[in-house]
Amino acid sequence: MDHQTIGGGPFTTGGPGALTAYPNAVYYCSQDIADASCAVSRDGGLTYGPAVPTYSLLDCGGLHGHVKVAPDGTVYVPNKGCGGNQAVAVSEDNGLTWTVRKNPSSTPGDSDPSVGIGAGGTVYMGYQNSDGTARIAVSHDKGKTWLYDQNVGASLGIKNIVFPAVTAGDDNRAAFAFLGTTTGGNYQDTANFKGAWHLYVATTYDGGQSWVTVDTTPTDPVQKGSICTGGTTCGQDRNLLDFIDVTLDAQGRVLAAYADGCTGTCATGGAQNYDALASIARQYSGNTLYGAYDAVVAGMHKKSKGGR
């Protein structure tokens with residue numbers, strides 16, 4: 001069992017509904033050796049039904065990203081390798097059945113993709129493409145077709161990314177956080193890769209047609225050198241960097257949580273120290289992902305660091 005994820009949201013009208021007054025379904029998903037499965041709780045997490053396969057190894061690789069539930073109850077579990085593409089496993093009947101829906105513009109990557117879902121059900125899938133670049137695509141029909149697939153790191157010269165995380169607010173607004181570097185090549189080469197990694201956030205306000213990407217840590221690298229995405233084969237260059245997520249506050253400001261692997265003298269020019277300091281980058285000005293608050297919040301991002 002691996003890649004465990006839990007999430008919740010409304011029930012659809014196309015499957016069994018709530019057993020108690022608790023209004024939402026709760027989904028627990030994880031990957032096993034031959035498939036990945038999701039179990040559903042209809043009583044607020046007190047009990048769960050049987051695990052239902054979302055896909056088998058004949059469809060996709062075993063590892064997957066985090067489960068997300070749309071406002072209409074549609075459930076999405078993203079996967080980095082389904083045949084020659086990346087995809088989402090989708091349930092439209094409260095977890096009874098699942099369908100794999102591919103993004104044909106994508107190619108398999110090393111990091112799990114992530115989905116964010118807007119208030120009207122628009123799906124944003126951010127992913128690391130096979131060439132290492134940061135790409136994101138949009139679907140208005142629950143993953144059946146994908147639009148505006150594009151490299152959101154190109155404007156800043158980003159050549160490699162890892163650990164994408166996506167969130168959305170209003171249906172036409174979303175944010176895509178990831179660790180990125182302007183250095184190309186094999187970023188898992190511990191002896192030879194010398195790139196500096198930063199936390200980037202790309203934001204759209206027009207439904208994914210265009211994105212603006214900013215470096216939220218321009219003077220303080222998150223990591224120097226290699227980052228391992230090889231799971232149990234990793235050495236010290238994983239240092240919890242895959243513990244990353246992005247969400248919104250009540251006014252739609254973007255908050256990205258990440259592990260800072262380059263602290264102290266490393267951050268000021270010294271050698272990489274492979275730390276794992278719990279950190280948060282928080283939007284403090286500019287338009288947020290909820291348009292109703294554009295007049296009261298305005299710009300960029302700064303970060304604060306907590307304990308380990």
For the student: nearest non-hydrogen atoms of Ala51 and Ser37, plus distance: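 Reported closest heavy-atom pair: CB-CB, 3.8 Å.
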
Nearest non-hydrogen partners of Asn94 and Tyr27, listed with the distance: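 Asn94 and Tyr27 have their closest heavy atoms at CA-OH, 3.2 Å.
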
Those residues that, when tested against Lys102, pass salt bridge (charged side-chain N to carboxylate O under 4.0 Å, His left out) (two or more places apart):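 Partners of Lys102 by the salt bridge (charged side-chain N to carboxylate O under 4.0 Å, His left out) criterion come out as none, since no residue qualifies.
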
Quick test of your reading of the model: are [X] and [Y] salt-bridged, counting only N-O distances below 4.0 Å?
X: Asp149; Y: Arg135; value: yes
X: Asp131; Y: Lys159; value: no
X: Asp237; Y: Lys224; value: no

Are [X] and [Y] packed together at the side-chain level, in the sense that at least one heavy-atom pair is separated by less than 4.5 angstrom?
X: Leu179; Y: Ile161; answer: no
X: Ser106; Y: Asn129; answer: yes
X: Asp112; Y: Tyr127; answer: no
X: Asp110; Y: Tyr187; answer: yes
X: Tyr290; Y: Arg173; answer: no
X: Cys262; Y: Val222; answer: no

Partner residues of Thr182 under the side chain to side chain contact (heavy atoms under 4.5 Å, CB included) criterion, sequence neighbours left out: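 Partners of Thr182 by the side chain to side chain contact (heavy atoms under 4.5 Å, CB included) criterion, ordered by chain and then number, come out as Tyr200.
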
Same apolar cluster: Phe11 and Tyr22, side chain cutoff 4.5 Å: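 No: no chain of side-chain contacts under 4.5 Å links Phe11 to Tyr22.
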
